[in-house]
There are 2 protein chains.
Amino acid sequence: MTKQKQAILNIIKKSDGHMTAEEIYMKAKKELPSIAIGTVYRNLGLMTDAGEIRRIAIPNSPDRYDKSTKPHEHLVCQKCGTVYDTFVTGLKEFLQQQAGVEITGYDLNLKFICDKCKPKNHI
Amino acid sequence: MTKQKQAILNIIKKSDGHMTAEEIYMKAKKELPSIAIGTVYRNLGLMTDAGEIRRIAIPNSPDRYDKSTKPHEHLVCQKCGTVYDTFVTGLKEFLQQQAGVEITGYDLNLKFICDKCKPKNHI
DNA sequence: TAAAGATTAAGAATTATTCTTAATCCTGAG
DNA sequence: CTCAGGATTAAGAATAATTCTTAATCTTTA
C-alpha cells in the first residue's frame, strides 16, 4: 500500500462512487502533486483486479470507478451522464433461469433521465 | 451514403455482429485503401446515433459494434472476450417494476465462459 | 453552369490507457 | 547493522482509442 494507492483509494471511498480516472487524478494531484496519470490508471486496474473497487463501462463515456463492489446495478442519466446506484432484487436468478449457460456475473446499466434533467413544468 | 459509409455498414452487416472499430478499419482498408481510421470512428458514431447499429461497451475491451439494433442482451466470455447474442424475455418489464423510475432502455452484459474456453475433460 | 452552402474524409490532435525503465523498497547473508 | 540482490512501483514515455479541424467534394439553385 503505497501513498499513491492510499490516496487514490481514499478519494474513491469518499466520493459519490462513480468517478472517472481523470477526476480521480485531479483530486490526487492536490495531495500528491507529482503523481502521474499513468499511476492512477495502473492502480485503478490493480484495485479492480483485486476486487477492491469496480470498473463500470458506459458507451460514449470514460470508465467509472465504483467504490462499492457489492452486486448492484446502475442508472445512467441519458442527458447529463451521471451514474446512480440501484438495486434490482432477484435479478441474478431471473437471468440464470433464462440464459441457458452458467452466468458468473453481469453488468447492467439502466438508462433514464434524472430529476435534475427532467423538463420542469413552468406555471 | 458515401462509399466509405457503405463499406463500413456492409462489413458490419456481413460480420458475426460484434466487431471492434479496429477490426472494421482493417477490413475496410482492403476495399478502400485510403480510408482513415478517423472516418471509421466518425461513421460508427453517426450510425450509432442514427440507430442503424448499436455500440456495446465492455470493461477492459474496446467498444464493439452490433449489427442488430433489436433489443437483446450479450454474453461476454471472461476468457477470450468473444461476445455472443442472447435473448432474455420479459426483462424490460422485470426491471421497470423494480427500478422506481422510468427506464428508457438498458445495456446488459452477462459474464460466462464459452464452450471453446471451458476446460475439457481429457480421458 | 457555377457560386454558395452543406457535408464529408483524411489526417492531425486529443484523450484514454498501457508499457518501460529507473528508482524505491524489502530481505537476508555477511 | 548494512548493503547486494531481487521484487515492486511510480513517473513519464509510448501506444491505443476517439474526436476535431480543415480542405475537398458534393448539392442546390439562381
Side-chain angles (χ1 to χ4, degrees), chain A residues 1-12 15 18-66 76 78 80-83 107 109, chain B residues 1-12 15 18-66 76 78 80-83 107 109:
Chain A
M1 177 64 73
T2 65
K3 60 183 191 297
Q4 289 85 350
K5 180 177 172 184
Q6 186 63 66
I8 292 166
L9 198 53
N10 274 345
I11 288 164
I12 294 171
S15 77
H18 310 108
M19 294 177 84
T20 65
E22 183 69 22
E23 288 166 352
I24 293 163
Y25 171 58
M26 289 306 184
K27 276 221 164 186
K29 244 177 128 68
K30 306 212 165 156
E31 204 171 323
L32 303 168
S34 77
I35 197 172
I37 180 80
T39 299
V40 173
Y41 274 103
R42 198 179 54 84
N43 277 294
L44 289 173
L46 289 171
M47 288 190 265
T48 301
D49 293 347
E52 299 175 70
I53 57 174
R54 175 169 158 197
R55 198 199 306 262
I56 311 166
I58 300 168
N60 301 321
S61 184
D63 288 353
R64 312 305 182 94
Y65 293 88
D66 195 325
V76 183
Q78 296 306 100
C80 67
T82 307
V83 179
D107 287 318
N109 295 332
Chain B
M1 178 63 77
T2 65
K3 61 184 190 296
Q4 288 86 351
K5 180 176 171 185
Q6 185 65 66
I8 292 166
L9 198 53
N10 274 345
I11 288 165
I12 294 170
S15 79
H18 311 109
M19 295 178 84
T20 65
E22 184 69 21
E23 287 166 351
I24 293 164
Y25 171 60
M26 288 308 185
K27 276 220 164 187
K29 244 176 130 66
K30 306 211 166 158
E31 203 172 323
L32 303 168
S34 77
I35 197 171
I37 180 80
T39 299
V40 173
Y41 275 102
R42 198 179 54 82
N43 277 295
L44 290 173
L46 289 171
M47 288 190 267
T48 300
D49 293 347
E52 298 174 72
I53 58 174
R54 175 170 158 194
R55 198 200 307 261
I56 310 165
I58 300 167
N60 302 321
S61 184
D63 289 352
R64 312 304 182 94
Y65 293 89
D66 194 325
V76 183
Q78 297 305 101
C80 67
T82 307
V83 178
D107 288 317
N109 294 333

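The shown structure was predicted, so the numbers you read here are calculated from the model rather than taken from an experiment. These values consider heavy atoms only, across backbone and side chains, with no hydrogens, waters or symmetry-generated copies. Chain letters run A, B, ... following the sequence lines, proteins first, then strands; residues in each count from 1.
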Listed nucleotide nearest any side-chain atom of A:Ala21, set C:dA16, C:dA10, C:dT17: C:dT17
Can you tell me the distance, in whole Å, between the NZ atom of B:Lys29 and the C1' atom of C:dA10? 11 Å
When you measure from the side-chain N and O atoms of A:Thr2 to the phosphate of D:dT9, is any distance below 4.0 Å, counting only OP1 and OP2? no
Among D:dA17, C:dA10, D:dA11, the one nearest B:Ile35 by side-chain distance: C:dA10
Where each residue is assigned the nucleotide of DNA chain C containing its nearest heavy atom, which of A:Tyr65 and B:Met1 is assigned the position nearer the 5′ end? B:Met1
A:Arg64 has an atom CZ; how far is it from atom C1' of C:dT17, in whole Å? 16 Å
Got a second to check how far B:Asn43's CG is from B:Ile35's CD1, nearest 0.5 Å? 7.0 Å
Take the protein atom OH of B:Tyr41 and the nucleotide atom C1' of C:dT14, then report the distance between them rounded to whole Å. 14 Å
What nucleotide, of D:dA11, D:dT18, C:dA10, holds the atom closest to the side chain of A:Thr39? D:dA11
A:Ile8 vs A:Val40 side-chain heavy atoms within contact, under 4.5 Å: yes
What's the CG-C1' distance between A:Leu44 and C:dA16, to the nearest Å? 12 Å
Using 0.5 Å steps for rounding, measure from the CE atom of A:Met47 to the CD1 atom of A:Ile12. 5.0 Å
So which nucleotide from C:dA16, D:dT9, C:dA10 ends up closest to the side chain of A:Pro62? C:dA16
Approximate separation, where rounding is to 0.5 Å, of A:Met19 CE and A:Ile53 CD1: 11.5 Å
With rounding to the nearest 0.5 Å, note down the distance linking CD1 in B:Ile24 to CZ in B:Arg64. 10.5 Å
Under 4.0 angstrom between B:Ser34 side-chain N/O and C:dA10 OP1 or OP2: yes
On DNA chain D, does the nearest nucleotide to A:Ile37 precede the nearest nucleotide to A:Asn43 from the 5' side, or the other way round? Give the residue. A:Asn43
Name the closest nucleotide to the A:Asp63 side chain, picking from C:dA16, C:dT17, D:dT18. C:dT17
In this structure, how many angstroms lie between the P atom of C:dT8 and the NZ atom of B:Lys5, rounded? 8 Å
Distance, rounded to the nearest Å, where B:Gln4 contributes CD and D:dA24 contributes C1': 12 Å
For B:Ile8 and C:dT8, what is the distance between atoms CD1 and C1' respectively, to the nearest whole Å? 12 Å
Spacing between B:Gln6 atom CD and C:dT7 atom P, to the nearest angstrom: 20 Å
